[in-house]
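Heavy-atom basis, side chains included; hydrogens, waters and symmetry copies ignored.
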Amino acid sequence: MESLATEILGLNIQELTDLVANLGEPAYRARQLFQGVYKDRIRSLEELSTFPKFLRERMKQEGISLSTPVIDKKFVSTDGTIRYLIAFPDGQSVETVWMPEGDGGETGDGSDAGDEEESHSGLPKKTYDRATICVSSQVGCAVNCQFCMTALLGLKRNLSAGEIVGQITTVLNDHSVDLDKKRINIVFMGQGEPFNNYDNFIKAVRLLVEGVGFPQSRMTVSTSGIVPRIYDLGKEDVRPKLAISLNASNDVERTKLIPINKKWDIASLVDAAKVFPLRNRERMTFEYVLLDQENDSPQNAREVVQIIRGLGDKQASAKVNLIAWNSGPEIPFNTPSDSRVHAFQKVLTDAGIPTFIRRPRGRDIYAACGQLKRTTA
Ligand code: SAH
Ligand code: SF4
């Protein structure tokens with residue numbers, strides 16, 4: 001007989017239906033499995049209380065397993081951010097970051113995730129207990145952005161859909177989160193380029209929406225600019241919001257910082273953004289890492305204004321998130337002063353472009369943007 005050996009975490013309802021059919025069980029068992037693994041976030045088959053013991057035993061004998069990822073290490077920042085080192089059975093590991101109160105990346109994005117901050121005057125209006133989880137999509141990354149520490153790892157391998165979802169369920173369980181009570185945002189901004197692992201990434205998104213119970217409006221994916229996949233994302237009926245890492249104001253500079261700009265330049269990014277279909281009230285974000293004396297002059301800011309104006313109709317839906325570079329060893333850039341960051345922001349806001357400064361989270365424990373390279377001390 002054909003072996004049924006398989007890993008359950010990462011299977012969708014269709015695949016679970018096939019699995020239980022092969023076991024000779026009725027279809028409702030697939031729904032119970034789906035509910036147990038994703039909504040109830042069980043950690044092992046033993047916790048699957050809707051299944052009789054004999055059935056769980058049989059599954060085990062057939063080699064059907066549920067292996068949720070394991071927290072290898074946990075680093076806690078003075079600002080409350082937690083960097084998790086999450087390990088997989090093959091010995092690889094990635095980082096997942098928990099940011100209580102988010103990182104400000106949500107601000108002004110037109111969704112319910114950002115609204116409460118947009119409406120404030122002074123201190124953020126806290127209507128909900130909230131947090132943001134930053135998830136990895138690959139072990140390491142192949143894109144080789146010159147300012148990013150993940151690039152130093154190179155690409156080790158892709159993560160499966162189950163490994164992406166598992167990072168989130170594991171972190172949610174570590175905080176005993178009740179998703180009905182707490183407002184959690186997910187950002188695909190950890191290790192890796194999500195669009196270089198597109199199929200697993202988008203499968204994970206569907207499992208998070210249909211299984212775990214996240215609204216798609218509370219998820220954002222960031223890409224370094226894999227243009228064909230931006231078009232693909234636009235065709236998905238379930239998808240996160242889009243953030244594009246612009247990071248430079250002209251092609252000469254961008255090619256220097258992000259080598260794939262040779263293949264997909266700024267004009268091709270703008271073309272893709274122009275036709276990207278947005279949902280009601282949805283915004284698209286352009287991220288810009290500010291590197292001192294490198295891409296952070298007022299002239300650079302004026303060039304960014306021109307790029308955003310090139311979006312035509314979509315200009316009104318665009319916002320810019322500025323991230324002052326988070327430093328790391330072996331990387332030859334500097335963090336700009338606050339005054340340079342504010343001067344850059346002013347050029348954009350004066351041109352009518354909503355522009356926000358991302359608050360660095362967890363810099364002291366190597367948890368901030370671009371610092372994820374499995375530092376273990
Ligand atoms: N690979 C994807 C998503 C992960 S990086 C991407 O590149 O978009 C998330 C964001 O952090 C990106 O906008 C990236 O440009 C930025 N980033 C990378 N290294 C950084 C650093 N050292 N300091 C600040 N931001 C950085
Ligand atoms: Fe990869 Fe993003 Fe880092 Fe670039 S910034 S190397 S795409 S993780």
- prompt: Checking Thr355 side chain against Ile353 main chain: does a donor-acceptor pair fall under 3.5 Å?
  reply: yes

Minimal heavy-atom distance between Val177 and Arg41, with the atoms involved, is O-NH2, 2.7 Å

Check your understanding: Just checking, is any N or O donor in the side chain of Ser65 or Glu7 under 3.5 Å from an acceptor N or O on the other one?
Key -> yes

Close side-chain approach of Val205 to Met219, heavy-atom, < 4.5 Å
yes

Verdict with supporting geometry, Asn295 and Glu253, side-chain hydrogen bond (donor to acceptor under 3.5 Å, both in side chains) | CA-CA 8 Å; Asn295 66 353; Glu253 179 69 23; 5.3 Å; no

Practice prompt. Using modelled atom types only, decide if a donor and an acceptor are shared between the side chain of Asn158 and the backbone of Gln138 within a distance under 3.5 Å.
Written response: no

- Item | Side chain Lys203, main chain Gly10, donor-acceptor under 3.5 Å | yes

Cation-aromatic face contact Arg83/Phe75, 6.0 Å, 45 degrees: yes

Between Cys369 and the options Arg358, Met189, Glu287, the side chain to side chain contact (heavy atoms under 4.5 Å, CB included) test singles out Arg358

Could you list the donor-acceptor pairs under 3.5 angstrom formed by side chains in residues 306-315, with sequence neighbours left out?
unit_1	atom_1	unit_2	atom_2	d
Lys314	NZ	Lys274	O	3.0
Lys314	NZ	Phe276	O	2.6

Interatomic distance, CZ@Arg218 vs CG@Leu179, rounded to 0.5 Å, equals 9.0 Å

Value for SG (Cys141) from CE (Met149), rounded to nearest 0.5 Å, stands at 14.0 Å

- Do any N or O atoms from the side chain of Thr285 and from the backbone of Ala243 form a donor-acceptor pair under 3.5 angstrom? no

**Plane angle bin for Phe344 and Tyr288 - parallel if under 30°, tilted between 30 and 60°, otherwise perpendicular** = tilted

If Ile, Leu, Val, Met, Phe, Trp and Tyr residues are connected whenever their side-chain heavy atoms lie under 4.5 Å apart, and connections chain through other members, are Leu9 and Val70 in the same group? no

### Message
Closer than 3.5 angstrom, by distance alone: can the side chain of Ser268 be matched with the main-chain N or O of Asp265 as a donor-acceptor pair?
### Response
yes

Exercise. Output yes when a side-chain donor or acceptor of Ser77 lies under 3.5 Å from a complementary backbone atom of Asp364, and no otherwise.
Key: no

One should read off an interatomic distance between Asn144 CG and Leu155 CG, to the nearest 0.5 angstrom, of 11.5 Å

Item to complete: For the residue pair Glu193 and Ser224, confirm or rule out a side-chain donor-acceptor distance under 3.5 Å.
Response: yes

Min side-chain heavy-atom separation Val97-Arg361 under 4.5 Å: no

Paired with Leu66, the side chain to side chain contact (heavy atoms under 4.5 Å, CB included) test is passed by just one of Leu45, Leu48, Leu33, namely Leu45

- Is it the case that Ser160 and Asn200 place a side-chain donor and acceptor less than 3.5 Å from each other? no

- prompt: Between Glu210 and Leu207, is there a donor-acceptor pair closer than 3.5 Å when you use the side chain of the first and the backbone of the second?
  reply: no

* Please report the C-alpha distance between Asp292 and Arg340 in whole Å, then the side-chain angles of each, then the deciding distance to 0.1 Å, and finally whether the salt bridge (Lys or Arg N to Asp or Glu O under 4.0 Å) criterion is met. => CA-CA 8 Å; Asp292 189 44; Arg340 283 184 78 84; 3.5 Å; yes

Exercise for the section: Report yes if the side chains of His342 and Ile357 come closer than 4.5 Å at any heavy-atom pair, otherwise no. Expected result: yes

Could you walk me through whether Phe88 and Arg157 pass side-chain contact (heavy atoms from CB on, under 4.5 Å), step by step?
CA-CA 12 Å; Phe88 302 111; Arg157 68 168 172 85; 3.8 Å; yes

With heavy-atom distances below 4.5 Å as the criterion, would you say the side chains of Val212 and Lys39 are in contact? no

*asked:* Can you confirm whether the side chains of Gln32 and Arg29 place a donor and an acceptor under 3.5 Å from each other?
replied: yes

Heavy-atom donor-acceptor pair, Glu236 side chain to Leu233 backbone, under 3.5 Å
no

- Item | Criterion side-chain contact (heavy atoms from CB on, under 4.5 Å) on Gln371 and Arg363, from CA distance to verdict | CA-CA 8 Å; Gln371 292 190 312; Arg363 269 185 184 169; 4.2 Å; yes

The reported gap from CG in Leu269 to CH2 in Trp264 (rounded to nearest 0.5 angstrom) is 10.0 Å

Can you tell me if Ser297 and Asn300 form a side-chain donor-acceptor pair at under 3.5 Å?
yes

Residues passing the side chain to side chain contact (heavy atoms under 4.5 Å, CB included) test with Lys235, sequence neighbours excluded, are Asp232

message = Would you say that Phe286 contacts Lys319 through its side chain, given a criterion of any heavy-atom pair below 4.5 Å between the two side chains?
response = no

| field | Donor-acceptor pair, side chain of Arg283 and main chain of Leu242, under 3.5 angstrom | value | no

(request) Answer yes or no: is there a donor N or O on one side and an acceptor on the other, between the side chain of Thr349 and the main chain of Lys346, under 3.5 Å? (result) yes

Are side-chain N/O atoms of Gln191 and Ser136 paired as donor and acceptor at under 3.5 Å? no

- Query: Phe201 vs Phe195 aromatic rings, parallel, tilted or perpendicular, using cut-offs 30° and 60°?
  - Reply: tilted

- Query: Is it the case that Tyr84 and Asp174 place a side-chain donor and acceptor less than 3.5 Å from each other?
  - Reply: yes

| request: Could you tell me whether Lys256 and Asp251 have a side-chain N and a carboxylate O separated by less than 4.0 Å? | output: no

